[in-house]
There are 2 protein chains.
Amino acid sequence: MTKRADGKEKRSRILESACEVFAEKGYHAATVADICQRAGANVAAVNYYFTDKSALYVEAWQQAYKQSSRPGSPEVADISPEEQLRIYIHSLIKNFSDHDANGQFARLYLMELVNPTGLIHNLWHELIEPMRKVLLGIISEIMGAEVTAETVLFCDMSIVNQCRTLLTVRRSDLEYLLAQPLSVDLINRLADHIITFSLAGIKAVGKSKN
Amino acid sequence: MTKRADGKEKRSRILESACEVFAEKGYHAATVADICQRAGANVAAVNYYFTDKSALYVEAWQQAYKQSSRPGSPEVADISPEEQLRIYIHSLIKNFSDHDANGQFARLYLMELVNPTGLIHNLWHELIEPMRKVLLGIISEIMGAEVTAETVLFCDMSIVNQCRTLLTVRRSDLEYLLAQPLSVDLINRLADHIITFSLAGIKAVGKSKN
DNA sequence: AGATTTCTTAAATGATGATTTAAAATATTA
DNA sequence: TAATATTTTAAATCATCATTTAAGAAATCT
């Protein structure tokens, strides 16, 4: 006997709100009831479709990852590494400021970083490491070969953590600090700021290491 | 009848481990049982001394704040703002890498930022705002008067978030990434990196805005 | 339609963790 | 030391959630 047509709809609605709630509150503070409520589903559905809160969490991770548009290695060809960095930072900032699909994975990642559940140990290397490689490559190119892995890594951390501002600080707090609504324009200005700041930073660090 | 001499000892032991546990796991994931266990106290002691988990949390915040050595406004006098920034970043990094007293407040702050409990709304402005003012002042001085409040704020965010690397990433993960133990020396190199990176960043942003 | 399987639900059960209670232990003062 | 106040404890209670159950509703297939 085959599956029902409507079948997986509720399942995916649950998965969707799981992404939302876990991203917002982290694993512990999120409740199954909350997730199901948002999905318009009965709590038992979590067990039916996913067996567990923890299994749901893992699936939510994978789901959020799949849906996130990661800054891919920009087609090398004739683009200068500086330009690549610009593109990379812009896409990072765009992702991080997004509250759906894209932003969710980044938030899940941050929450796991800050208070690890230990549930996604396997995924970690598989998903995160390749993402890092891209930025590391770009930085290396900008700095030239003379420079140590440590220095490149420091620059990577400098850049990524600047961008994480948007994940760390609540929208309302950010708006309060900046005394203005979080418009697309503001986001773009922030991205440009980080680009200018970081390019100069990289150059300076590169120079001081030779 | 007066208080007992041994009285407040257990109380302060509980407060101490509350700082530890809350800093490590955040409000939700932390359990009263865990806190009391570490303090060698009975769970009921929390109620006796603090009435509540939530009240304990608030006190832990205040305690951690008091114990943290905040980067004070370096005595102005003849120190250049650049030098002030160096000192500031060093002390920030030192605090953030510390796992006792100092680091605890910074971690509590981060955890609250990332997933607010709403329990310390009052303290927020009172404690956090003054801290920010110092760095904002230094940056303003470096950039000169020509520059907008937004630009100064962006720089502030760039710097603080770079330093937050140490709060965000678990020690073991950091050691894995850097392929070396987290020595005092490494911390210092990181601080120096952030200083060089940020000074150049500030200058570049300042120039591009004139 | 009738048989079969998939979904959905309300309510029950269990587990974990916070909070309370009431009695026991320990210190202080006179 | 006796009287009194403070602190500590084990066990009970309560609340919140996660998880299971068992029965009903809705599709699908023959």
Side-chain angles (χ1 to χ4, degrees), chain A residues 1-61 108 111-112 115-120, chain B residues 1-61 108 111-112 115-120:
Chain A
M1 183 122 319
T2 57
K3 299 286 175 69
R4 275 167 59 168
D6 64 339
K8 297 288 161 55
E9 269 183 49
K10 192 148 280 185
R11 185 191 144 95
S12 66
R13 275 235 297 290
I14 291 173
L15 199 50
E16 225 176 285
S17 46
C19 288
E20 271 177 44
V21 177
F22 284 134
E24 209 173 290
K25 313 196 177 174
Y27 183 74
H28 286 285
T31 74
V32 171
D34 187 0
I35 292 169
C36 289
Q37 177 138 52
R38 291 205 208 185
N42 190 278
V43 277
V46 162
N47 187 247
Y48 181 68
Y49 286 115
F50 305 93
T51 69
D52 236 8
K53 182 186 180 184
S54 62
L56 174 57
Y57 180 69
V58 176
E59 278 230 41
W61 248 75
L108 285 174
M111 293 309 257
E112 186 67 27
N115 192 19
T117 61
L119 293 170
I120 40 115
Chain B
M1 184 120 320
T2 58
K3 299 286 173 69
R4 276 165 61 167
D6 63 342
K8 297 289 160 56
E9 269 183 51
K10 192 148 281 186
R11 185 191 144 96
S12 65
R13 276 235 297 291
I14 291 174
L15 199 50
E16 225 175 285
S17 46
C19 289
E20 271 177 44
V21 178
F22 283 134
E24 209 173 289
K25 312 198 179 175
Y27 184 75
H28 285 285
T31 74
V32 171
D34 186 0
I35 292 170
C36 288
Q37 178 139 50
R38 292 206 207 184
N42 189 278
V43 275
V46 162
N47 186 247
Y48 181 68
Y49 285 116
F50 306 93
T51 69
D52 236 11
K53 183 186 179 184
S54 63
L56 174 58
Y57 181 69
V58 176
E59 277 230 41
W61 248 76
L108 285 174
M111 293 309 257
E112 186 67 27
N115 192 20
T117 61
L119 293 171
I120 42 115

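First the proteins, then the strands, lettered A, B, ... as listed; each starts at 1.
Within residues 16-44 of chain B, the residues having any heavy atom closer than 4.0 Å to DNA chain D are, in order of number, B:Asn42, B:Ala44.
For the pair B:Lys10 and D:dT9, the criterion of a side-chain N or O lying under 4.0 Å from OP1 or OP2 is met. Side-chain N/O atoms of A:Tyr49 include one lying less than 4.0 angstrom from OP1 or OP2 on C:dT8. Residue B:Asn47 places at least one side-chain N or O under 4.0 Å from the OP1 or OP2 atom of C:dT20.
Residues satisfying the side-chain hydrogen bond (donor to acceptor under 3.5 Å, both in side chains) test with A:Thr51, not counting sequence neighbours, are none. Checked against side-chain hydrogen bond (donor to acceptor under 3.5 Å, both in side chains), B:Glu16 has no partners two or more places apart in sequence or in another chain. Partners of B:Thr117 by side-chain hydrogen bond (donor to acceptor under 3.5 Å, both in side chains), not counting sequence neighbours, listed by chain and number: B:Glu112. Under the rule for a side-chain hydrogen bond (donor to acceptor under 3.5 Å, both in side chains), the partners of A:Ser54 that lie at least two apart in sequence or sit in another chain are A:Asp52.
Per the geometry, CZ belonging to A:Phe50 stands 15 Å off C1' belonging to D:dT19, to the nearest Å. Atom OH of B:Tyr57 and atom P of C:dG17 are 19 Å apart (whole Å). Going from atom OH of A:Tyr48 over to atom P of C:dT8 covers 8 Å, rounded to whole Å. The distance from atom NZ of B:Lys53 to atom P of D:dA15 is 17 Å, rounded to the nearest whole Å. In this structure, NZ of A:Lys8 is placed 14 Å from C1' of C:dT5, rounded to the nearest angstrom.
Side chain of B:Arg11 to main chain of B:Tyr49: a donor-acceptor pair is present (N/O by atom type, distance under 3.5 Å, no hydrogens or angles).
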Enumerate donor-acceptor pairs with a distance under 3.5 Å from any side-chain N or O in residues 21-30 of chain B to protein atoms, sequence neighbours excluded.
residue: B:Lys25; atom: NZ; partner: B:Asp34; partner atom: OD2; Å: 3.3

